[in-house]
Amino acid sequence: MKALIVEDSRLARLELKELLSVHQEIEVVGEAENAEVAERLIEELDPDLLFLDINMPGKNGFELLESLDAAPQVIFTTAYDEFAIKSFEYNALDYLLKPIKEDRLAKALGKLDLRSQENKLPTGDYLGPEQQVFVKDGEKCWLVKIEDIRLFEVCGNYSRVYFDQHKPLILRSLNQLEERLDPEHFFRANRQEIINLKKISKIEPWFNGRLKVWMDDQQEVEVSRRQAVRFKELLSL
Amino acid sequence: MDQSALNTASNNTQLEREEENKRFWIAQLIGWAGFFTLALLFNILRGAPIFVSVVTAIFAFLSGFSLSSAYRNFIKFKKWIELPPFKIFFPAVLGSLSVSVVWTASFLSFYYAVLFILDTPESFTWSNALAQWINTFVVMFLWNILYFSYHFIQIGQRSRVEKYKLEVEAKTAQLNLLKAQINPHFMFNALNNIRALTLEDVPRSREMITHLSDILRYSMNYMKTPEIELKQELAIVEQFLELCDIQFEERLRYKITASEACLTMLVPPMTLQILAENSVKHGIAHLPQGGDVLINASLEDQALKLEVRNSGVLQPAKKTKDNNGIGVENIYRRLKLIHGDKASFSLSQDGDWVLASIIIKQKT
């Protein structure tokens, strides 16, 4: 499994490599001393796992994740940052406090999803269902798997992401998102909303050739007349 | 008069109250003895017979003494002393009036009775009664003025003493509260780096452990002395920066300069340390390319001038999120507590530098 260490202190990177040397399954493919370098290396090396320091010069760890279309699995490393850690609500693999203990690292690595990477690979240009996006809303953060997202909704220049009981905003327009979402999995129901086809519980015909869709949390979405035709085609496949 | 002063006035101890009481009776006795002498002299000069003069003066003395003593108990019962001074005027006038009426009535009855017994009756005239009443009123009013002014002066003094006491207590409390802590982020990073350093440079890592323990010891003990020699503070700052160096490596460049004359001057401990820490935490740590920290101590016009500058841009205070505000506040308050107006502290942008500077005027 390919790992990238993102950490501004050289000695801290050395320390982490030393600790990882006994874990054969982890191959450290690169090291980045700041977010800018990390962005380039993530593009180049496509790592499966990030060891990510939160406090870095320039962009911090969260800002780095926000700038990525899809985030790899993430283990945070931090010296002392209760505030940042508490803000993390969802799906971060783990976080490690420096100096890192051997057994604590082993435990974190034990949580890694070592399954075949197929699902995590992008399908063509699209995000795979198991890929995750980093969402930060105010002081709360989530790493959300694409397949767990029920609905995207327009909100000015932002989009609102619905998953579980949360609905934070991300800094992407609905059109930008549509380009990156697999059309076999996500459908543009109308100008305002993109829905997850696997999270639909009921569909009924509506007025003027439109359709009414109930999501699995009973949220209602109308499919516009123009989209309803495509929607029927898609489902009859 | 503020509330706390009044509370202290009414909460004085048993001993103070007894002392107060003694003083009152002495003043009361001396005052009325004076009155007796005057009354006697006045009567004699007026041409009254000696016996009548003495008897009536004694009666005036006794009745004035006892009536005013009773009146004092009434004042205490009504707690007039706790009223603000300007609100005491009408009660005091009213008190003087009532006491003087009773006093005049009893005095006149006694006076005419004595004359009657001595078989030298004098006929009662309202003008005489009025004159008598005005006299007694003036005496009683004077008594009130003396009584209340004594108490208000007492209260004023006591509240001033109390204020000083509170100030001293507040200062002590502040100094105790102002314990600056070593930034935990720095500490754990240092430990982590030292751990890694053992892999490549054992002697240096051993040295770093000593630095870290020196800094920790210094930060735990510094409250024990309000001021310390500059060279000791600089030694700690240097150790601190060496530790930062293993974290930031080529990203951190630093230089400490101090003129010989400054080295034995006194500074509040942990001031330069906190400023250096801020320079690194808010300056260097945010610069991907790193930067410089320059520390300089010099003597200019009989004033110790301490400057800590770092590359970067001064961030507007965001006190809620970090403890930058607390550190700077800590320095500022300790300087004020120890040096008052003789010390100043400023934080400013100076070209490409963030400059923190402390000036302590030396006593001449």
Side-chain angles (χ1 to χ4, degrees), chain A residues 5-22 28 31-41 51-64 67 75-87 95-102 104-105 138-139, chain B residues 181-202 204-209 211-212 242-253 277 279-293 310-313 315 318-324:
Chain A
I5 298 176
V6 187
E7 159 75 65
D8 63 326
S9 159
R10 184 189 63 86
L11 284 172
R13 296 196 296 272
L14 176 69
E15 170 67 19
L16 188 52
K17 279 188 289 181
E18 174 70 18
L19 288 170
L20 284 170
S21 63
V22 296
V28 177
E31 298 172 38
E33 70 263 27
N34 58 45
E36 208 179 305
V37 176
E39 277 169 26
R40 206 184 64 229
L41 289 180
F51 288 96
L52 182 59
D53 187 12
I54 296 167
N55 291 279
M56 289 185 296
K59 277 186 195 172
N60 68 27
F62 290 137
E63 287 162 338
L64 168 66
S67 74
I75 295 177
F76 288 103
T77 61
T78 181
Y80 182 86
D81 214 331
E82 279 177 299
F83 172 75
I85 291 309
K86 272 183 198 150
S87 71
Y95 65 88
L96 300 170
L97 290 171
K98 294 186 274 191
I100 298 165
K101 289 185 224 159
E102 281 87 346
R104 192 66 189 73
L105 175 66
E139 288 177 353
Chain B
Q181 288 184 331
I182 285 285
N183 170 12
H185 207 267
F186 159 76
M187 203 168 66
F188 290 117
N189 270 326
L191 286 166
N192 191 46
N193 290 326
I194 292 169
R195 190 175 147 127
L197 198 61
T198 58
L199 296 171
E200 56 181 34
D201 189 344
V202 174
R204 188 151 182 243
S205 54
R206 288 164 57 90
E207 189 191 342
M208 291 301 152
I209 288 177
H211 286 348
L212 189 59
E242 272 182 53
L243 273 167
C244 290
D245 188 53
I246 62 170
Q247 161 89 7
F248 296 101
E249 298 192 319
E250 69 282 359
R251 285 176 55 217
L252 172 65
R253 296 170 293 275
E277 201 176 302
S279 277
V280 171
K281 188 168 83 177
H282 302 288
I284 310 307
H286 292 285
L287 301 170
Q289 303 310 316
D292 301 69
V293 173
N310 64 270
S311 329
V313 180
Q315 300 296 318
K318 36 177 184 177
K319 287 186 182 169
T320 46
K321 267 200 170 177
D322 57 48
N323 51 13
N324 180 24

A:G58 versus B:P288, closest heavy-atom pair with distance: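 Taking A:G58 first and B:P288 second, the nearest heavy atoms are N-CG, 4.0 Å.
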Closest non-hydrogen atom pair, B:H286 against A:P57: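 Nearest pair, atom of B:H286 first, then A:P57: C-CB, 3.7 Å.
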CG-CG distance between B:L287 and A:N34, expressed to the nearest 0.5 angstrom: 12.0 Å
Residue-level interface, residues 6-15 of chain A with chain B, non-hydrogen cut-off under 4.5 Å: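 Within residues 6-15 of chain A, the residues under 4.5 Å from chain B are A:D8, A:S9, A:R10, A:L11, A:A12, A:L14, A:E15.
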Side chain, backbone, both or neither of A:I100 within contact of chain B (heavy atoms, under 4.5 Å):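 A:I100 touches chain B through backbone heavy atoms alone.
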A:E63, CD: over 12 other non-hydrogen atoms inside 6.0 angstrom: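 For A:E63, atom CD is crowded (more than 12 foreign heavy atoms under 6.0 Å).
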Residue B:R206 excluded, over 12 heavy atoms near CZ under 6.0 Å: no
Counting only non-hydrogen atoms closer than 4.5 Å, does [X] touch chain A with its backbone (N, CA, C, O), its side chain (CB onward), both, or neither?
X	result
B:E249	side chain
B:I246	both
B:E200	side chain

Partner set under side chain to side chain contact (heavy atoms under 4.5 Å, CB included) for B:R253, not counting sequence neighbours: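 By the side chain to side chain contact (heavy atoms under 4.5 Å, CB included) rule, B:R253 matches B:D292.
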Those residues that, when tested against A:S67, pass side chain to side chain contact (heavy atoms under 4.5 Å, CB included) (two or more places apart):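 A:S67: side chain to side chain contact (heavy atoms under 4.5 Å, CB included) contacts with A:E39, A:K59, A:L64.
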A:E102: salt bridge (charged side-chain N to carboxylate O under 4.0 Å, His left out) partners, not counting sequence neighbours: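 Counting only residues at least two positions away or on another chain, A:E102 forms a salt bridge (charged side-chain N to carboxylate O under 4.0 Å, His left out) with B:R195.
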